[in-house]
Structures are given as structure tokens and as C-alpha cells.
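One structure is given below, encoded as C-alpha cells.
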Amino acid sequence: MMEKHYDAKAAEAKWYEVWEKTGCFHDEPGEGVPYSVVIPPPNVTGILHMGHALNETIQDILVRWRRMQGRNTLWLPGTDHAGIATQNVVEKALRKEGKRRQDLGREAFVERVWDWKRQYGGTIVRQQRMMGNSTDWSRERFTFDEGCSKAVAKVFTQLYNEGLVYKGNYIVNWCPRCGTALANDEVEHEANHGHLWYVRYPVVGSALGVKGEPYKDYVMVATTRPETLPGDTAVAVNPKDERYAHLIGKNVILPLTGREIPVISDDYVEKEFGTGIVKITPAHDPNDFLVGKRHGLAEINIMTDDGHMNELAGAKYVGMDRFECRKALVADLEEGGYLDHIEDYDNQVGHCYRCHEVVESRLSKQWFVKMKPLAEPAIEAVKNGSVRFVPDRWSKIYFNWMENIQDWCISRQLWWGHRIPAYTCAKCGELVVGETAPGVCPKCGAHEFEQDPDVLDTWFSSWLWPFSTLGWPEKTADLDYYYPTTDLVTAQDIIFFWVARMMMAGIHFMGKPPFKNIVIHGIVRAADGSKMSKSKGNSLDPLELIDMYSADALRFSIALITSLDCDSKVSKEKFEIGRNFCTKIWNAARFMEMNGAKDAAFADLTADEKHILWATDLACKKVSELLEQYRIQDGALAVYDFFWTQICDWFVEYAKDAPDKARAFAILRDVFYKALRLLHPYMPFITEEVAHQLGYLKDGETIMRADFPKGYSEEEKAAWGISQEVYDFVNAKREAITALRGLRAEYKVPPATYVKATIATDDPLAKGELDSLKKAMRAETVDFVPAGSDLAMPSKITAFGTVYLSLEGLVDKAAEAKRIAGELAKLAGFIKSSEAKLANENFVAHAPEAVVAEARRKLAENKEKVAQLEKLAKLFA
RNA sequence: GGGCUAUUAGCUCAGUUGGUUAGAGCGCUUCCUUGACAUGGAAGAGGUCAGUGGUUCGAAUCCACUAUAGCCCACCA
């Protein structure tokens, strides 16, 4: 006996363990075209959030569906070592002990991170299991494991040998808190309400002013970053700016330092902005850096790694924090009479995507990858259709980024990550790059080397994920069979970080793009549309939702609210629908069990029985078609409607009093198992549990490996006499039933009261439905009269015929007359517009025949309605 | 400054080549403790499809402009 209530927790724990232990998730290279997907590896420090839940639910639905279709299916799991993120987590833990990573030293610190990973790194993969992910855990990978590390070293070396990796002194984004360089896309720009400071730089040779009084001859620059002033090495104007033409070539005095710097001209300067004169600080601004290069200016770095001023900033400011220094320097400028005025100014300021510190532009030696040569074939692959974005509009965004791609700064001044495989000879300084440490210096023959202290950007291992996880650089059977993967499913926010770079790496190193379809979904947002974040406290915890409603409920609800086209706003209540659906499935299963549904031959079927078989056939086809197009939400809706409306609301109700109960239940049994399998990709646990409870599967079998239903064969359909016509007929009958129920409600007929109904129809099949109509309508009698019969009773017109409710013995009020008058007015409007439409020669000439016929039918029907209502109105007069 | 996407019922959203009187879920109203299920059932109210103009016999759907919102990209100090 099935329990009264479904115990989701027990079932989910039980089935996941069975699946994993019996190798249900595992796949081996075989015949045919495989379906393969690599998971976007979550950070090893991560805990499951709604974004993962959405992303992985979509993947698991696709994966389970393909697997049931019989394809060799691999979903490969793993985690990302997440350089900065993980290092930060461990540093934070260290800080609690009052230590910094420097106190431990590099080796001990890295060991400490590994310890951390061993201890806590399993959290997210445990949580993924609770979601029901059917990932092949035997192939679980980590971006910092031995194989991935090997791939990274090989890739770096190859790119270096190809001249695509280079080292150089450039302005990079620098996070003073994390103490490392950041790639451009790791910087988040945010609106900042700041100021523009207008500062006077005296022209050399002019009279110095007195304290508090303006200089007589000066240039005025506007700056948002006064603290960088000590690093200025020029002042620039636009070459076409006549106002300042006379200044070009002269020198000005840098306030507070007394240093003389030149006035130069450069196209970069906008005449309209500020005063049209800009200070040039090559070591602290990317544009100024380029200007400096063009004009051979000195680069004076006035800051330390951690965002404090160094000795080059001037004795007074040494050691100050950069923002502290800004204040002090502005005060000094004012004191010295250099500050003209201050304006409010809004601009965008970059922040570290990890710790949110304001990013500093800083001159330093870093490693870069030349991206243009890698980007070109990656653009081509999407242009020629060998890789497809779903939805397609993302390809535009991809092109836009790829066509304007900048070189990628890949070195990070961290300790946790893949060490750069570049070695400097201790004796002669020769740089050697190789997959393993060099033994002998090729130049001087020395044996001592120093490895580059930096590590590589995390994404430098992630971009190899689709093939490094399959064994590359070794030639493995996995790589041969599963690469390229089929679908990549991810959110829009990492298209540039990850997807675009995987495209480039896949094509460059494997010769083929890493996947065929890139499926981009939206982001899960809080109910008010804001981004979910722990700090805002507006995030939903998928684990809590699993605890409250079950994993199936979470998955189904997610599927139902997911659209590939836009972000989804969610709140806790939205997950009730999944929970309610589970309850419905469970109860329907209990009903079948109680009635002892058994298999039996389908013969001499009633219209209702034919209807459910046809509906089942439609549902099977529809769900597959929708999933084929990645329409997860529509598929969920289709299967939900099929199960709830078709099976539970109508067929189960029919089966209760079917003329041949055994046959009706045999049909229900067949249809129900198809429904379970259609549902399985969405709700893996309850479908497995119910399939076993009802004996569809024996011990040792699993619904995971059952066939995904395709619908019925043409032979079956013919043998059973099921068709669109019968399906439509039953739909019409239901319409009639609903119409009568509506009339009952309108006239406040108590549910227990049996009424007298009349149906005007010429359909010969209708009379065969007398019993089922009586039951469904709670009718004492149902009489049939010829179509077009005109009775003075409340009526509703349906495709089945006109349904009349006898008012005999039912009290009515004058209010009814008013309602009828309103109804008549409404109908008059429809009739008028229909008549106008049909009188329009163009409409009749151009519109498809069916549309015109429908319009005529509708018009006639409305006219009939009017006639009846007028008659009724007399009754109430 | 460029680009993308949205705007449909009180709320969240469907609406796939333009074609009946625009749909679903939640919420709301009325009724129903009928042996699968009140996490349920039956019925109902609620929308000039953001605005304006255009194309068309016909527009939520196609085009243009406008308004509002959101996202992405971008070196105006």
C-alpha cells in the first residue's frame, strides 16, 4: 500500500544512492552520436545558489531526456579552483588566527588551501546530488587537478612558442586589496558620485602668486583623481584647440612638487571636456599610458601594491592610503592657491569583481595572450553555423565582443593557482618556457632557475574545460568519442569570461569548436527584480526549498518559470506549484493502486477512452518537440496540463464510473506510465518512486533507462479507432458539460440538486453519451432536440450543441433581466463588427477560406444567441 | 556615447511564420469536508496587449518614432 503522504526526503535519498551506486549516471564511449555536456564548474568554495539550481536543472532535464531516448549520454561534473575567490576564503580564515598568508610562506599557504579544499570543497558536489543531477561522478574533475594542470602547462607553452603569449610592462587593472592584476572583464564599473577638481598649473616663467591668490599665468586642468598628481609627467591639449596652441612646447610647474613638465598636444584630448587641458599620468591611467608612449614621457609610479603612496609621491604623502592622500593633497592645493574650484561629477569607477575594492590602474609586468588570431576562427564558427547560440540573439553580443577583443592579461599575483611555466636563468637571466622545469640553460649552461612567481588567471584553466576534462593532451577514447560536446548551458553573465574563450581554445587546440549549441538562460532574480545576493539578504536558498518542498518540486517549479529569453523573478511561493504537483501525482497514483488497475486489451473503446489515448499521443510528441527546441518551460507546461487536466480532471473522473471499469483502468495504467516517463526529466525522484510503487518497474530496473515515450503507432491508432475527430468530439462534449455547470452556477442551483437539461444537436454520436453527460452534469434528465431548436430556457452555445437548463422550480429575479440586457448589448457589438467584416469584399477575397467560414459561423451563432436571449428576457420581464 | 532586451489581467509570465470574442499560474469572488487529492474540486470577475503613426482586408504579432525600465559594452580626464 502506498502511504497517504509522499515522503520526498526518504525517496530522494534512496533513489539517488541507488542511481549512483548502480552506475545509472555512467556512460562509456560506444556507437552512435553521443549527447555530451560539461557542467559549468562551480567554484570549489561555492555553495549551491539559485543560479546553479536553474542552470543545472536545465542541463539535467536535457540530459535525462536524451539518455531516455537511448543516446549515449555523458554529463561531466567538476569544480573550479577559482584563484582569487578561494585564496580570499582561506586568507579570511587565516586572519581569524591573526595571520597573513605571508606569515606562512607560499608553500605552506598553498598546502593550507589544499587542506581547505579537501575538507570543505565537497560541499557543492554534495548539494548537486541533492538536486538530482545525473552527472557521471566517476569522471568528476577539478581545474587544478593533475590532468588539468598538465593541459594548462602545455597550452601556455604552445601559445608562447607560437608567439601568442607575451610578457610586457603595461597598465593593468590592479586590485590593491587582493594584491593582483585583474583582466578587463574582472572589473565591474559602477556609477560614482564624485568630483572634478580644477587645478592651476603655473606656466614656467610666470610670476608666482601669493598664497590665496591665483597665479597670473597658468593652465587649468580638471581631474577626478588629484592624488595621482605627483605622478604627472605632462599636461596635454588637443592639437586643434586654438585656445591653447600658444602653450604647446612650453613647460608648466607641477603644483606642490615644483617639478617642470611639458605641455604636449595629442588627439586623445577632448576640447569640450573640462577645461580642454588634461594632466598626463602614464603610470596610473591606461589612456595616459598610451599618450606617454607616443610622447616618450616618463612613467612615475607613486603607489605601492596595496594602494598606499610611495616615496615618489612626496615625503608628506608616503604611506598614506590613496583616498586619504586625495584629501590631504586637495587641502594642500587649496592652501597653496592652486585649487580653482570643485564641481560635482558622476562617472564610472571600476571595482574588483571579487572583493569590490576600487580598482587601481597600475603599471606592471604581466603576461598577456594575443587574442585577435584566436578570435577570428571563433567568430567564423558561429557565423557559418557550426556553433549555434540559443536564443540566437546572443550571437550578436558575442560578435560584438569578439570583434573588439583586447589582449588578455593572464598573470595574477596570487599563490593559489597554476604557476606560470616560465623560468629565468639565475646566471644569465635567460627566459625559458616549458611544460616542465628546464635542467640546463640553453644560453649559458647554468642549472639554476627561478620560476615566475605569478599564477595564471583561473579562466586560463576553465577555457580548456571541454577537452582537458576528457583527457587532453592525452589521446583518450573519451576525447575521441565525446568531443566536441553537444550543448553548453550557461547564464548570460559568463559569455565573455568563459564561453567565448572556450570557443577559442577548443578551435585552436582541438581543431573543432567545443560544442554545437550554446544555450543561454537568464538569471534568477529576487521578487522585486533585483539581483539576489547574500549581502542584500534577498536570496532564496535552493537547499531550503528542497527541504520545504522537495527537489522535484524545486526542479519542476524552476522549469516552469524559466524562460531562455529573460530573467526570472522568483519568491518562495512560486515553488508551491511544484510541491502541489508532486502531491497530485502521488494521489493519482494512490487512486490507481486502490482500484487495482491491471493491463488489459484495448477494444470497443468509448469516446472518452479514445480521447485520452489521443491526448497521450499528442503529449508525447509535443514534449519531445519542445525539448528539441530547448523550450523547457513549454515542455513543463505541456506535461503539467496533460497530467492534471487530461488525466486527473477528466479521465480519472470518467474512470470512476466507466461502463467497463477494468478497461478504463487498463487504459489509465498505460497512459499513466507514459506520463511518468514524460515527467521523469523534470521530476526524477517521484517518478521513479511511483513507477516502482505501481509495479511498472521491478527491483533493479530504473525509469532513468526506460524509453522516453514516443506516442502510439499508426497500427495501434487504427486498431483502437482513435483520431482527431473523436478527440474533438469529446472536447466538444466537455464544453457542453462545462456550459451546463456554468448555467447551474449562474442560477445558483445547489450542487446536490439534479436538474433537467436539454441539448440541441444533430450529432448522432451525442446520444451515445447520455449516461456520461447525466453524470457529469448532475442531471436528472438530458433530452436531445434537433439543432436549431429554439427553447425559452437559459442556454449556452457550444460546439457540441446548444445546452439548455430547465428553470422549472428554480427561483429567479428581475436582476436576471438586467444581466441579459448587458449580454445583448455585448453581442450586438460583436455582430456589428462581424457583419462589417463579412461585408468587406477584401476580407472575403483575401482571407483563407477557413477564416471566412469561421466568421460566418460565429455570426450565425451570435444571432442565435441574441434570439434566445430575447426570448429569455420575456420570461423575466 | 554605442548596443541589446523588455513593456499583455492585481502579481509573474505564455502568445513560433499577421487570421474566431487575447491565454496560464498565483491572488481575488462564490459554491463544494461527494472515499485519490482542501497541497483538492466546480464556477466567476478582471486586459482599449506602454503611446503615436504606418503597412494590411485584418496587427499583441511587421515597420518607424516616442516614453519607461533593465542589462551589456565603451579610454572623455
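In what follows, chains carry the letters A, B, and so on, assigned in the order in which the sequence lines appear, proteins first and then strands, with residues in each chain numbered from 1. All values reported here derive from a predicted model rather than from experimental measurement.
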Identity of whatever pairs with [N] - Watson-Crick or G-U, under 3.5 angstrom:
| N | value |
| --- | --- |
| B/G40 | B/C32 |
| B/A45 | none |
| B/A69 | B/U5 |
| B/U20 | none |
| B/G25 | B/C11 |

So what does [X] hit on the nucleic acid, given a heavy-atom distance under 4.0 Å: a base, only sugar-phosphate, or nothing?
| X | value |
| --- | --- |
| A/W644 | sugar-phosphate |
| A/D641 | nothing |
| A/Y268 | base |
| A/C648 | base |
| A/Y549 | nothing |
| A/K574 | sugar-phosphate |
| A/K796 | sugar-phosphate |
| A/V570 | nothing |
| A/V269 | base |
| A/G578 | nothing |
| A/E593 | nothing |
| A/R741 | sugar-phosphate |

Original post:
Hey, does A/L679 have a side-chain heavy atom less than 4.5 Å from the side chain of A/F581?
Top reply: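 A side-chain contact under 4.5 Å exists here.
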Subject >> Charged N-O contact under 4.0 Å between A/E625 and A/K622 >> reply: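 No.
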Subject >> A/D657 with A/K775: basic N within carboxylate O range, under 4.0 Å >> reply: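 So A/D657 does not pair with A/K775 through a salt bridge.
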Distance check: side-chain N/O of [X] vs OP1/OP2 of [N], anything under 4.0 Å?
| X | N | result |
| --- | --- | --- |
| A/K656 | B/A36 | yes |
| A/Y345 | B/A77 | yes |
| A/N580 | B/G40 | yes |
| A/K569 | B/U12 | yes |

**OP:** Compute the centroid of each ring, for A/F665 and then for A/F591, and state whether the two points are separated by less than 6.0 Å.
**Re:**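 Aromatic pair counts; centres sit under 6.0 Å.
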Original post:
Are A/F389 and A/W394 close enough that their ring centers fall under 6.0 Å?
Top reply: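 Between A/F389 and A/W394, the centre distance exceeds or equals 6.0 Å.
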Closest to side chain of [X], choosing from [options]:
| X | options | answer |
| --- | --- | --- |
| A/T583 | B/C75, B/U39, B/A36 | B/U39 |
| A/F496 | B/A36, B/C75, B/C73 | B/C73 |
| A/I577 | B/C4, B/G25, B/A36 | B/G25 |
| A/R631 | B/U16, B/A36, B/C4 | B/U16 |
| A/D634 | B/C4, B/A14, B/U39 | B/A14 |

Original post:
How do A/R590 and A/I737 order along RNA chain B: which one's closest nucleotide is nearer the 5' end?
Top reply: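 Its nearest nucleotide lies further toward 5', so the answer is A/R590.
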Original post:
Starting at the 5' end of RNA chain B, which residue's closest nucleotide do you reach first, A/Q492 or A/T738?
Top reply: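 Its nearest nucleotide lies further toward 5', so the answer is A/T738.
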**OP:** Would you kindly check whether a donor in the side chain of A/K584 faces an acceptor in the base of B/C37, or vice versa, at under 3.5 angstrom?
**Re:**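 Such a pair exists between side chain and base.
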Looking only at atom [atom1], what distance separates [N] and [M], rounded to whole Å?
| N | M | atom1 | value |
| --- | --- | --- | --- |
| B/U68 | B/C28 | P | 35 Å |
| B/A45 | B/C26 | C1' | 16 Å |
| B/A6 | B/U12 | C1' | 14 Å |
| B/A14 | B/A24 | P | 16 Å |
| B/C76 | B/G1 | P | 12 Å |

**OP:** Please report, rounded to the nearest Å, how far the P atom of B/A6 is from the CZ atom of A/R393.
**Re:**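 The answer, rounded to whole Å, is 6 Å.
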Subject >> Integer-rounded Å distance: B/C37 P and A/R579 CZ >> reply: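 A/R579 atom CZ is separated from B/C37 atom P by 17 Å.
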Original post:
Can A/D232 and A/Y201 be counted as having a side-chain donor-acceptor contact under 3.5 angstrom?
Top reply: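 Note: A/D232 and A/Y201 side chains meet the donor-acceptor criterion.
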Subject >> side chain to side chain contact (heavy atoms under 4.5 Å, CB included) partner of A/V570, chosen from A/L54, A/I561, A/I558 >> reply: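 Among the candidates, only A/I561 passes.
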